[in-house]
A.B. asks: 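Below you will find the structure I want to go over with you.
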Amino acid sequence: MNLLLLNGPNLNLLGQREPDIYGYETLADIEATTQAHAEARGAALTALQTNHEGEMIDRIHAARGTVDAIIINPAAWSHTSIALLDALNAFEGRVVEVHLSNIHRREAFRHHSYISARADAVLAGMGAYGYLAAVDWLMR
Ligand code: CA2
């Protein structure tokens, strides 16, 4: 099982600002913990964070035929990007959408996610544990 962990714009700032919303863990912590969790369950996991929408779309295209499942926190692109939705629609494996915060308890503009129309599962509000829960769900 090959898993791809994708994190979208500004998530490189995790642990540095807004810990009340996003927690104290850095993205490096989350990537390392999620990778170890996947490997303990017999899966390989590679991770990418990018602030560039085209780079994320290119990575999703490259995942076609080589990656079994994508765990993605699309961050603000969740609420804006039909292009990211289209890229994920061209990916044949499973997709799990993760949000650190409960987007439904926040501003109205965060309540809708274009990505949820493609996601096989959506996790929101569990903090960094959501990434581990995504691995567990994919590996069960
Ligand atoms: O709750 C989530 O995981 C979000 O995907 C995070 C996005 C937000 O736009 C979504 O509505 C919900 C924002 C990520 C920004 O991350 C920061 C981390 C630290 C400091 C500033 C921003």
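Fair warning: this is a prediction, and the values are worked out from it, not measured in the lab. Counting starts at 1 for both ligands and their atoms, following the listed order.
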A.B. asks: Tell me if the CZ atom of Phe91 is crowded by more than 12 foreign heavy atoms within 6.0 Å.
C.D. replies: yes
A.B. asks: For atom 14 (C) of ligand 1, what is the nearest protein heavy atom, given as residue, atom name and distance?
C.D. replies: Leu11 CD2, 3.7 Å
A.B. asks: Tell me, which protein residue and heavy-atom name are nearest atom 21 (C) of ligand 1, and how many Å apart are they?
C.D. replies: Glu18 OE2, 3.6 Å
A.B. asks: Considering only heavy atoms, does His99 approach ligand 1 within less than 4.0 Å through its side chain, its backbone, both, or neither?
C.D. replies: both
A.B. asks: Would Tyr131 and Asn7 count as having a side-chain donor-acceptor pair, cut-off 3.5 Å?
C.D. replies: yes
A.B. asks: Report yes or no: do Thr50 and Arg59 form a side-chain donor-acceptor pair below 3.5 Å?
C.D. replies: no
A.B. asks: Should one rank Ile72, Asn102, Leu100 by closest heavy-atom distance to atom 2 (C) of ligand 1, which comes out on top?
C.D. replies: Leu100
A.B. asks: Say whether His37 and Glu39, considering side chains only, have a donor N or O and an acceptor N or O under 3.5 Å apart.
C.D. replies: no
A.B. asks: Tell me whether Thr34 contacts the main-chain N or O of Glu31 through its side chain, where contact means a donor paired with an acceptor under 3.5 Å.
C.D. replies: no
A.B. asks: Does Arg94 form a salt bridge (Lys or Arg N to Asp or Glu O under 4.0 Å) with Asp68? I'd like the steps, not just the answer.
C.D. replies: CA-CA 7 Å; Arg94 290 215 166 165; Asp68 298 297; over 6 Å; no
A.B. asks: Starting from atom 11 (O) of ligand 1, what is the nearest protein heavy atom, named by residue and atom, and what distance separates them?
C.D. replies: His79 NE2, 2.7 Å
A.B. asks: Tell me the contacting part of Arg110 for ligand 1: side chain, backbone, both, or neither, using a 4.0 Å heavy-atom threshold, strictly below.
C.D. replies: side chain
A.B. asks: For ligand 1, which atoms, with element, lie under 4.0 Å from some heavy atom of Ala76?
C.D. replies: 9 (O)
A.B. asks: Below 4.0 angstrom from a heavy atom of Arg17, which ligand 1 atoms are there? Numbered from 1 as shown, please.
C.D. replies: 19 (C), 20 (C)
A.B. asks: Kindly say whether the aromatic ring centers of His111 and Phe109 come within a distance under 6.0 Å.
C.D. replies: no
A.B. asks: Identify which of Ile103, Ile115, Asn10 has a heavy atom lying nearest to atom 12 (C) of ligand 1.
C.D. replies: Ile103
A.B. asks: Just heavy atoms, cut-off under 4.0 Å: does Gln16 contact ligand 1 by side chain, backbone, both, or neither?
C.D. replies: neither
A.B. asks: Where does Asn73 meet ligand 1, judged by heavy-atom distances below 4.0 Å: at the side chain, the backbone, both, or neither?
C.D. replies: side chain
A.B. asks: Could you tell me whether the side chain of Arg64 and the main chain of Ala90 form a donor-acceptor pair under 3.5 Å?
C.D. replies: yes
A.B. asks: Which residue and non-hydrogen atom of the protein lie closest to atom 1 (O) of ligand 1, and at what distance in Å?
C.D. replies: Ser101 OG, 2.5 Å
A.B. asks: Which heavy atom of Pro74 sits nearest to which heavy atom of Leu84, and what is that distance?
C.D. replies: CB-CD2, 3.9 Å
A.B. asks: Counting non-hydrogen protein atoms only, what is the nearest one to atom 13 (C) of ligand 1? Give residue, atom name and distance.
C.D. replies: Tyr22 OH, 3.4 Å
